[in-house]
Amino acid sequence: MVDVAGKREPSQEAEAQHWIETVLGERFPQGVLYEDVLRDGVILCRLMNRLSPGIIQRINTSGGDYKMMDNIS
């Protein structure tokens, strides 16, 4: 997370990660940075479908960065 001054807040990132992991019922991959786990949008799409089933019709899990960008747009 980023505060108003643009500095990251590790405690807020840890809290958000814990919440996402709790909702999904699984842990983030060990040793992978928070932002890298969320970068391709797959986890975010899965989270949205957990919160509102069926809201995301298609989740791109392969096809390179360009294809994965569809997950976050």
Side-chain angles (χ1 to χ4, degrees):
M1 302 287 188
V2 179
D3 70 9
V4 178
K7 296 180 183 175
R8 294 174 64 140
E9 292 291 332
S11 63
Q12 289 180 342
E13 289 179 359
E15 185 178 339
Q17 178 177 337
H18 176 73
W19 180 78
I20 293 168
E21 290 173 336
T22 300
V23 171
L24 291 178
E26 64 187 63
R27 308 253 331 164
F28 280 21
Q30 197 73 347
V32 180
L33 296 174
Y34 171 83
E35 63 269 19
D36 290 338
V37 172
L38 300 179
R39 183 173 178 258
D40 64 12
V42 172
I43 295 289
L44 297 174
C45 288
R46 292 180 51 232
L47 177 64
M48 291 303 299
N49 275 337
R50 180 67 67 141
L51 297 172
S52 184
I55 196 165
I56 308 292
Q57 299 292 320
R58 182 180 54 147
I59 301 172
N60 294 309
T61 57
S62 63
D65 289 344
Y66 182 74
K67 192 74 169 166
M68 300 286 222
M69 285 175 44
D70 285 343
N71 292 335
I72 56 173
S73 60

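Computed from a predicted structure; not experimentally measured.
Residues meeting the side-chain contact (heavy atoms from CB on, under 4.5 Å) test with Glu35, sequence neighbours left out: Arg8, Leu33. Partners of Glu21 under the side-chain hydrogen bond (donor to acceptor under 3.5 Å, both in side chains) rule, at least two apart in sequence or in another chain, are Gln17.
With values rounded to the nearest 0.5 angstrom, Met48 atom CE is found 6.0 Å from Ile56 atom CD1. Atom CG of residue Asp36 and atom CZ of residue Phe28 lie 11.0 Å apart, to the nearest 0.5 angstrom. One distance of note links CG of Leu44 with CD1 of Ile20; it measures 6.0 Å at 0.5 Å rounding.
Remark: the backbone N or O of His18 is paired with a side-chain donor or acceptor of Thr22 at under 3.5 angstrom.
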Steps toward side chain to side chain contact (heavy atoms under 4.5 Å, CB included) verdict (Leu24, Trp19): CA-CA 9 Å; Leu24 291 178; Trp19 180 78; over 6 Å; no
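Glu15 places none of its side-chain heavy atoms less than 4.5 Å from the side chain of Glu9. Under the 4.5 Å side-chain criterion, counting only non-hydrogen atoms from C-beta, Ile59 is in contact with Asn49.
Counting all heavy atoms, side chain and backbone alike, Asp40 lies closest to Val37 at OD1-O, 3.9 Å.
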